[in-house]
**Student:** 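Here it is, the structure, as structure tokens.
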Amino acid sequence: MQDSKNLPIGVFDSGLGGLTVAREIMRNLPMEQIVYFGDTARVPYGSKSRQTIRRYSRQIVRFLKTQEIKAIVVACNTATALAMEAIREEAEGIPVIGVVEPGARVACQESRKGRIGVIATRATIGSNVYSEAIHAIRPEAQVISKACPLLVPLVEEGWLHDKITDEIILRYLDEVLEYGVDTLILGCTHYPLLRSEIRRLVGDGVRLINPAYETAVGLKRLLEEHHLENGTPRRAGEPYPYRFFVSDEAERFAGFANSVLPVDVASARIVQIEEF
Ligand code: DGL
């Protein structure tokens, strides 16, 4: 039987955005293998109901389990916010980490005044999970949350350095900045790709929290706790141990992946996810 330490980590998202989390895992845990699933046929999750997001997430976990994984990373803020319980239940004891808690924890540590802003999809903001996670750690914190639904399509369109995107970011952040936040959580997988724009627009006085990076750090801890870290380095010349699956538009996915990831993605395989 294969040693569990050598098994891959299952990482999933509603589509392309979770690649920002996969990227941080590749950079920070380079010995780990990854099986990534992007639900490109059903994205976005950010405008869907809790019930639907739970059903989709359960199907994805059932698919990931067929790939013999040792841990699951819910690389989607919306799925983490609305479906974590269902995901854990479906995972049947496989360790699971989402992106909300690691981001909230670091925001609490880093914020000097305890005035924290959260930007995310409508579903994530509506669920209130970031605010609850922050208050569980730092009860006196003052949290202002803002849904920014237009930012996901802008990133997917590749309009990262664009006047229109700047104006939309400013319009969304106006109220958040007026509130006097000193820390801002980028609570959606796509927003780290706008990080330098957001940094320029909010100025140096606001600390930006990237849950993707914090999740990779949290994953390392989770693997250690469960004695599941892979200690075998990739040998020179061996292919990168990353496999990609999507529910639609495999070519577009590979193109986007190649613009985000530090490795080449030749292709992604299509999975009929409704069958799981
Ligand atoms: N991955 C989603 C998130 O982090 C953003 C895209 C979507 O709405 O599905 O919330």
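Computed from a predicted structure; not experimentally measured. Both counts, for ligands and for their atoms, begin at 1 and track the order of listing.
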**Student:** If you measure from the Lys or Arg side-chain nitrogens to the Asp or Glu carboxylate oxygens, is any gap between Arg105 and Glu214 under 4.0 Å?
**Tutor:**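 Salt bridge between Arg105 and Glu214, a charged N being under 4.0 Å from a carboxylate O: no.
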
**Student:** Examine the proximity of ligand 1 to Thr78 and report which part, side chain or backbone, both or neither, has a heavy atom under 4.0 Å away.
**Tutor:** both

**Student:** Using a 4.0 Å cut-off to any heavy atom of Tyr45, which atoms of ligand 1 qualify?
**Tutor:**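 Contacts of ligand 1 toward Tyr45, numbered from 1: 7 (C), 8 (O), 9 (O).
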
**Student:** Which of the numbered atoms in ligand 1 are under 4.0 angstrom from any heavy atom belonging to Cys188?
**Tutor:**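 Those of ligand 1 that fall under 4.0 Å from Cys188 are 3 (C), 4 (O), 5 (C).
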
**Student:** Should you measure from each heavy atom of Val43, which atoms of ligand 1 turn up under 4.0 Å away?
**Tutor:** 9 (O)

**Student:** Over 60° means perpendicular and under 30° means parallel, so tell me whether Tyr56 and Tyr45 are parallel, tilted or perpendicular.
**Tutor:**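 Tilted: the ring planes of Tyr56 and Tyr45 meet at 30° to 60°.
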
**Student:** Taking only heavy atoms of Ser14, which atoms of ligand 1 are found under 4.0 Å from at least one of them?
**Tutor:**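 Counting from 1, the qualifying ligand atoms are 1 (N), 2 (C), 6 (C), 7 (C), 9 (O).
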
**Student:** So, taking the atom named CD1 in Ile134 and the one named CD in Glu140, what distance separates them when rounded to the nearest 0.5 Å?
**Tutor:**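 CD of Glu140 is found 11.5 Å from CD1 of Ile134.
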
**Student:** Please list, in number order, the atoms of ligand 1 under 4.0 Å from a heavy atom of Gly46.
**Tutor:**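 In order of numbering, the contacting atoms are 7 (C), 8 (O), 9 (O).
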
**Student:** Salt-bridge test for Glu224 and Arg221: reply yes if a basic N is under 4.0 Å from a carboxylate O, no otherwise.
**Tutor:**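 Looking at Glu224 and Arg221, the cut-off is not met.
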
**Student:** For His190 and ligand 1, does the shortest N/O to N/O distance drop below 3.5 Å?
**Tutor:** no

**Student:** Taking both backbone and side-chain atoms of Asn77, is any N or O found less than 3.5 Å from an N or O belonging to ligand 1?
**Tutor:** yes

**Student:** Can you list the atoms of ligand 1 that are under 4.0 Å from a heavy atom of Thr121?
**Tutor:**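 Going through ligand 1 atom by atom, the ones under 4.0 Å from Thr121 are 5 (C), 8 (O), 10 (O).
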
**Student:** Quick one: sort the Tyr242 and Tyr240 rings into parallel, tilted or perpendicular, breaks at 30° and 60°.
**Tutor:** parallel

**Student:** In this structure, does ligand 1 have an atom that sits under 4.0 Å from one of the heavy atoms of Pro44?
**Tutor:**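 It does, in that a heavy atom of Pro44 comes within the 4.0 Å cut-off of ligand 1.
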
**Student:** Is the cationic atom of Arg243 (NZ for Lys, CZ for Arg) positioned less than 6.0 Å from the six-membered ring centroid of Tyr36 and within 45 degrees of its normal?
**Tutor:** no

**Student:** Is it true that Glu167 and Lys163 make a salt bridge, defined as a side-chain N closer than 4.0 Å to a carboxylate O?
**Tutor:**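 Answer for the salt bridge query: no.
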
**Student:** Identify the residue among Leu184, Ile209, Ile185, Val176 that makes a side chain to side chain contact (heavy atoms under 4.5 Å, CB included) with Ile116.
**Tutor:** Ile185

**Student:** For ligand 1, which part of Asp13 has a heavy atom less than 4.0 Å away: the side chain, the backbone, both, or neither?
**Tutor:**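 Side chain only; the backbone of Asp13 stays clear of ligand 1.
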
